[in-house]
Amino acid sequence: QLQLVQSGGGLVQPGGPLRLPCAASGFAFSSYAMNWVRQAPGKGLEWVSRIYSGGNITMDADSVRDRFTISRDNAKNTLYLQINDAKPEDTAVYYCAKERSPTNWEGYGMDYWGKGTLVTVSS
């Protein structure tokens, strides 16, 4: 059974760090590009970051570039999002998501999503 299990959310002060893990199982994790997507309160989904299956290439939204880092440990079947210099506008539910195709082309979209974890940035 395919699973994407998320943890690591919670309250963080502005400027602080937080790491979000996403533990994957039930599929060939190392063959698929992965994404982080977030949804702020009352807002729509916003794509945050993407990483190729091998971890060699990453992409980031302008809003998080130089502050967030996506990474993966294929030996542990785990995806990570490292949040640094957190800002109040980063408050959102963060989802990890698997891409539909093992080709590293993003056009097929994301077919499986974690349940999300809430990150609240506030003093």
Side-chain angles (χ1 to χ4, degrees):
Q1 182 179 358
L2 191 152
Q3 290 184 302
L4 296 172
V5 180
Q6 299 185 232
S7 60
L11 178 66
V12 61
Q13 295 186 20
L18 193 68
R19 189 176 77 157
L20 308 180
C22 172
S25 62
F27 69 101
F29 177 74
S30 63
S31 295
Y32 290 84
M34 297 290 294
N35 295 262
W36 288 98
V37 181
R38 69 184 181 184
Q39 186 170 32
K43 305 294 184 180
L45 295 170
E46 178 190 18
W47 173 80
V48 172
S49 192
R50 180 173 186 258
I51 187 167
Y52 272 33
S53 59
N56 56 315
I57 297 174
T58 63
M59 307 164 185
D60 302 293
D62 289 344
S63 59
V64 306
R65 191 165 296 121
D66 299 325
R67 298 189 301 114
F68 290 17
T69 302
I70 188 171
S71 63
R72 65 194 298 160
D73 187 339
N74 284 343
K76 296 181 178 180
N77 284 354
T78 303
L79 177 75
Y80 301 95
L81 184 67
Q82 178 67 47
I83 299 172
N84 290 324
D85 191 22
K87 299 180 178 181
E89 54 263 41
D90 295 324
T91 296
V93 176
Y94 285 74
Y95 300 92
C96 62
K98 168 190 173 291
E99 293 191 3
R100 190 181 307 275
S101 173
T103 66
N104 280 325
W105 183 57
E106 73 276 16
Y108 293 112
M110 293 162 271
D111 60 350
Y112 287 95
W113 297 57
K115 292 183 178 180
T117 188
L118 176 63
V119 173
T120 302
V121 184
S122 176
S123 59

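In this chain, numbering begins with 1 at the start of the sequence shown.
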Distance from [X] atom [atom1] to [Y] atom [atom2], nearest 0.5 Å?
X     : Y     : atom1 : atom2 : answer
Ser49 : Met59 : OG    : CE    : 9.5 Å
Ser30 : Asn77 : OG    : CG    : 7.0 Å
Ser7  : Arg19 : OG    : CZ    : 9.0 Å
Leu20 : Tyr95 : CG    : OH    : 13.0 Å
Ile70 : Leu79 : CD1   : CG    : 5.0 Å

For this session: For the pair Tyr32 and Phe27, name the ring-plane relationship: parallel under 30°, tilted 30 to 60°, perpendicular over 60°.
Result: perpendicular
Is [Y] reachable from [X] through a run of hydrophobic residues whose side-chain heavy atoms are each under 4.5 Å from the next?
X      : Y     : value
Met110 : Val64 : no
Leu4   : Tyr94 : yes
Trp36  : Leu2  : yes
Ile83  : Tyr80 : no

Just so I know, are the side chains of [X] and [Y] near enough to count as touching, which here means a heavy-atom distance under 4.5 Å?
X      : Y      : result
Met34  : Glu99  : no
Val12  : Thr120 : no
Asn84  : Phe68  : no
Lys115 : Gln6   : no
Thr117 : Val93  : no
Thr91  : Val119 : no

For this session: Count the heavy atoms of every other residue, nucleotide or ligand shown that sit under 6.0 Å from CG of Asn56, and state whether that count exceeds 12.
Result: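 Correct, the count exceeds 12.
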If we ignore angles and hydrogens, is there a donor and acceptor under 3.5 Å between the side chains of [X] and [Y]?
X      : Y      : result
Ser53  : Asn104 : yes
Gln1   : Ser25  : no
Ser101 : Thr103 : yes

Nearest heavy-atom neighbours spanning [X] and [Y]:
X      : Y      : answer
Leu11  : Ser122 : CD1-O, 4.0 Å
Ser123 : Pro14  : N-CD, 3.6 Å
Trp113 : Leu45  : CH2-CD1, 4.1 Å

Exercise. Any Lys/Arg nitrogen of Asp90 or Arg38 sitting under 4.0 Å from an Asp/Glu carboxylate oxygen of the other?
Worked result: yes
For this session: Report yes or no: does Ser31 contribute a side-chain atom to a donor-acceptor pair with the main-chain N or O of Phe29 at less than 3.5 Å?
Result: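 Not at all, since once roles are kept as given, no pair shorter than 3.5 Å links the two residues.
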Exercise. Within the distance-only criterion (no hydrogens, no angle test), does the side chain of Arg100 pair as donor or acceptor with the backbone N or O of Gly109 below 3.5 angstrom?
Worked result: no
Exercise. What's the verdict on side chain to side chain contact (heavy atoms under 4.5 Å, CB included) for Lys98 and Asp111, showing C-alpha distance, side-chain angles and the deciding distance?
Worked result: CA-CA 6 Å; Lys98 168 190 173 291; Asp111 60 350; 3.2 Å; yes
For this session: Please say whether the positively charged group of Arg72, taken as NZ for Lys or CZ for Arg, lies over the ring of Tyr52, i.e. under 6.0 angstrom from the six-membered ring centre and within 45 degrees of the axis.
Result: no
